[in-house]
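Okay, so here's the structure we're looking at.
As the structure is a computational prediction, the values presented were derived from the model and not from experiment.
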Amino acid sequence: ILAISHSGETPELNGLLTSLRSRSIRVIAMTGNTNSTLKDGFSPIVFCRFIDTAEYLGEELRKRLSNRTTVGIVTGKLPPEEREQRVLELGEKSPRVLVCTDCLSEGINLQQRFNAVMHYDLSWNPTRHEQREGRVDRFGQDRDVVRTLTYYGIDNQIDGIVLDVLLRKHKTIRSSIGISVPVPADTSAVAEAIFEGLLLREKAGSQQNLLPGFDKYLIKFHAGWDRAGDREKRSRTMFSHEGIQARVDEVAKELNAARHAVGSHTDVQRFTTEVVPAYGGIIQPKRHGYTLDLSETPLPLRDTLSVHDKLKLDVSFNLPVPDDTIYLSRTHPLIEGLANYVLATALDDPQGAIARRCGAIRTDAVDRRTTLLLLRYRFHLQVIQGGTERELLAEDSEIVGFRGSPQNAEWITQQQVEALLSAAPSENIPDELRSTFVQRVIDGYEAVKEQLNARARARAEALLDAHRRVRSAARWKGVRYAVHPELPPDVLGIYVYLPTTGSGVRDAL
């Protein structure tokens with residue numbers, strides 16, 4: 001592959017690279033590889049080390065690639081907000097190529113818009129290459145294969161030394177222990193030594209492969225790196241799979257509890273497809289998801305979602321998604337904005353809200369009056385370590401339920417509660433009767449208050465137990481926890497389920 005690294009950044013480098021091929025020939029090679037990548041259906045990111053290189057290369061690719069191809073250039077000259085905006089705008093074009101510096105190797109997720117990485121310049125820091133590729137090869141990438149291409153100069157001794165001294169050694173250690181180990185030295189000092197030796201040798205006309213004395217330095221350098229790898233391998237036993245085999249059930253329990261609390265993609269889909277039409281929006285199924293039309297939704301909702309410029313969106317709740325489709329996860333800003341709007345209107349505008357803090361329905365799902373309570377728990381979490389005490393506030397929520405009146409409550413299981421959340425009404429109830437049954441629960445609150453307090457205490461104990469399990473699995477020492485619930489828990493919602501009229505069961509039961 002033609003030599004193309006570090007071109008034209010300093011007078012010294014200019015002098016060093018005069019024997020290498022011209023920049024125009026190198027760009028021709030780059031153009032050919034980029035065209036091949038685009039024809040194979042990839043959307044590449046080309047990483048450069050220097051701003052001048054990225055700007056030069058981007059402009060040349062714009063001239064040489066097809067007019068259909070959009071080439072974007074992002075460097076550290078742009079503020080972070082504008083960098084992200086340019087990436088978003090480029091992501092809507094196809095075919096596309098992004099030329100950038102390492103200002104995009106961290107912080108911005110690129111996996112939904114790009115699926116190939118081309119290293120135009122070799123980096124002195126081996127982990128930088130992984131960081132570049134990690135922007136694309138990560139969760140959310142819809143391609144089974146991510147293409148990577150590294151350019152280096154076969155007649156460029158700088159690139160040869162970087163490959164041998166840093167990159168290949170880094171890959172060897174990573175292959176051996178399964179993770180990356182940073183260079184155990186200041187890489188800039190290594191780079192300076194290589195540059196100085198090569199420049200002196202160039203002036204002297206030396207034909208040695210390495211500068212005098214560098215081979216001894218290299219042996220010492222690699223030995224230090226190997227020792228760092230061995231230390232990392234030993235330390236990983238703390239987190240190895242063997243160390244948690246006896247706790248697989250506990251780990252699975254914590255993972256399932258977290259998934260249950262956050263919600264699955266089916267929960268997000270059901271929420272969105274119910275809420276959007278309720279606010280006047282239109283949602284239509286399509287091959288890879290849905291099309292949301294928010295044109296007729298209330299202005300405050302559009303303000304919350306920040307969608308004034310684009311009111312029609314192609315979305316999907318499952319991965320992978322096409323380039324022109326937005327993946328809506330539980331933490332996507334649109335879902336969070338929609339949920340916040342539903343909650344805010346339920347609290348501030350009870351009459352006009354689609355979600356209510358209380359209500360009553362008749363349904364075939366029950367044969368006896370059943371009440372669900374939405375509770376909010378608050379906990380004071382004390383963390384004590386080395387004589388220092390910190391206090392944190394934690395919140396949690398839970399829906400509990402009971403049959404009958406509050407005075408004779410028969411508490412139901414969590415599985416039965418969840419089944420009632422999807423129960424459909426069977427007939428209408430007059431407003432006066434709905435108010436009557438909700439009021440009965442409010443009037444009988446004192447009868448269930450102690451039971452709710454007991455649930456809050458049990459929840460606090462479960463939270464404390466979870467912290468202990470995590471601490472034990474990680475082998476943390478010298479840390480103590482204490483959890484105290486704020487009593488009584490807040491009752492945010494009251495929902496009464498009544499059997500269908502004529503079922504032979506009295507509502508008062």
Lys/Arg-Asp/Glu bridge criterion (N-O < 4.0 Å) met for [X], [Y]:
{"X": "Glu60", "Y": "Arg64", "result": "yes"}
{"X": "Asp396", "Y": "Arg459", "result": "yes"}
{"X": "Arg368", "Y": "Glu410", "result": "yes"}
{"X": "Glu89", "Y": "Arg86", "result": "no"}
{"X": "Lys77", "Y": "Glu55", "result": "yes"}

Taking all atoms of both residues into account, what is the closest heavy-atom pair of [X] and [Y], and its distance?
{"X": "Pro95", "Y": "Arg68", "value": "CD-O, 3.5 Å"}
{"X": "Ile326", "Y": "Leu313", "value": "CD1-CD2, 4.2 Å"}
{"X": "Ile73", "Y": "Glu59", "value": "CD1-OE2, 3.8 Å"}
{"X": "Thr75", "Y": "Ala54", "value": "CG2-CB, 4.0 Å"}
{"X": "Ala116", "Y": "Thr37", "value": "CB-CG2, 4.1 Å"}
{"X": "Arg147", "Y": "Ser36", "value": "NH1-O, 4.2 Å"}

Find out whether [X] and [Y] are in side-chain contact, i.e. whether some heavy atom of one side chain is under 4.5 Å from a heavy atom of the other.
{"X": "Leu311", "Y": "Thr297", "value": "no"}
{"X": "Ile283", "Y": "Pro277", "value": "yes"}
{"X": "Arg390", "Y": "Leu381", "value": "no"}
{"X": "Thr304", "Y": "Leu338", "value": "no"}
{"X": "Cys103", "Y": "Val74", "value": "yes"}
{"X": "Arg369", "Y": "Phe437", "value": "yes"}
{"X": "Leu463", "Y": "Phe379", "value": "yes"}
{"X": "Leu65", "Y": "Thr34", "value": "yes"}

Under 3.5 Å, side chain of [X] to main-chain N/O of [Y], donor-acceptor pair present?
{"X": "Tyr497", "Y": "Leu420", "answer": "yes"}
{"X": "Tyr327", "Y": "His332", "answer": "no"}
{"X": "Arg434", "Y": "Ile429", "answer": "yes"}
{"X": "Asp137", "Y": "Glu133", "answer": "no"}
{"X": "Ser426", "Y": "Arg362", "answer": "yes"}
{"X": "Thr436", "Y": "Glu432", "answer": "yes"}
{"X": "Asn115", "Y": "Ser43", "answer": "yes"}
{"X": "Arg62", "Y": "Val71", "answer": "yes"}
{"X": "Arg302", "Y": "Ser295", "answer": "yes"}
{"X": "Arg357", "Y": "Leu492", "answer": "yes"}

Would you find more than 12 non-hydrogen atoms of other residues, nucleotides or ligands less than 6.0 Å from [X] atom [atom1]?
{"X": "Asp40", "atom1": "CG", "answer": "yes"}
{"X": "Lys286", "atom1": "NZ", "answer": "yes"}
{"X": "Glu296", "atom1": "CD", "answer": "no"}

- request: Assess whether side-chain contact (heavy atoms from CB on, under 4.5 Å) is satisfied between Val383 and Glu389, documenting all intermediate values.
  value: CA-CA 6 Å; Val383 182; Glu389 180 178 323; over 6 Å; no

- prompt: After noting the C-alpha distance and the side-chain angles of Asn340 and Glu336, does the key distance pass the side chain to side chain donor-acceptor pair (under 3.5 Å) rule?
  reply: CA-CA 6 Å; Asn340 288 335; Glu336 291 189 343; 5.8 Å; no

message: Using side-chain contact (heavy atoms from CB on, under 4.5 Å), reason through Thr69 and Asn35 one step at a time and then give a plain yes or no.
response: CA-CA 10 Å; Thr69 303; Asn35 268 325; 5.6 Å; no

query: Going through the checks in order, is the ring-ring contact (aromatic ring centres under 6.0 Å, His included) test met by Tyr290 and Phe317?
result: CA-CA 9 Å; Tyr290 297 86; Phe317 303 97; 5.8 Å; yes

Nearest 0.5 Å please: distance from the [atom1] atom of [X] over to the [atom2] atom of [Y].
{"X": "Glu274", "Y": "Ile354", "atom1": "CD", "atom2": "CD1", "value": "9.0 Å"}
{"X": "Cys100", "Y": "Arg83", "atom1": "SG", "atom2": "CZ", "value": "10.5 Å"}
{"X": "Ser264", "Y": "Arg270", "atom1": "OG", "atom2": "CZ", "value": "9.0 Å"}
{"X": "Leu374", "Y": "Ile494", "atom1": "CG", "atom2": "CD1", "value": "10.0 Å"}
{"X": "Gln141", "Y": "Gln111", "atom1": "CD", "atom2": "CD", "value": "7.0 Å"}
{"X": "Asp490", "Y": "Tyr377", "atom1": "CG", "atom2": "OH", "value": "11.0 Å"}

- prompt: Could you go step by step and tell me if Leu57 and Cys48 meet the side-chain contact (heavy atoms from CB on, under 4.5 Å) rule?
  reply: CA-CA 9 Å; Leu57 178 61; Cys48 302; 3.9 Å; yes

message: With side-chain contact (heavy atoms from CB on, under 4.5 Å) as the criterion, how do Leu373 and Ile399 come out once you've worked through the C-alpha distance, each side chain's angles and the decisive distance to 0.1 Å?
response: CA-CA 6 Å; Leu373 303 177; Ile399 301 178; over 6 Å; no

- request: Would you kindly check if the NZ (Lys) or CZ (Arg) of Arg96 is within the cone defined by 45 degrees around the ring axis of Phe114 and under 6.0 Å from the six-membered ring centre?
  value: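 Yes, cation above the ring, under 6.0 Å and within 45°.
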
- request: Please determine if Arg403 forms a cation-pi arrangement with Trp411, meaning its NZ or CZ atom is less than 6.0 Å from the six-membered ring centre and no more than 45° off the ring axis.
  value: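 So Arg403 doesn't make the cation-pi contact.
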
- prompt: When the ring planes of Tyr341 and Tyr279 are compared, do they come out parallel, tilted or perpendicular, using 30° and 60° as the limits?
  reply: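 Correct class here is perpendicular.
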
message: Is there a side chain to side chain donor-acceptor pair (under 3.5 Å) between Thr266 and Gln269? Walk through the geometry before answering.
response: CA-CA 5 Å; Thr266 55; Gln269 179 175 337; over 6 Å; no

query: Would Asp314 and Thr325 count as a side chain to side chain donor-acceptor pair (under 3.5 Å) if you check the C-alpha gap in whole Å, the side-chain angles of each, and the deciding distance to 0.1 Å?
result: CA-CA 5 Å; Asp314 290 330; Thr325 300; 5.3 Å; no

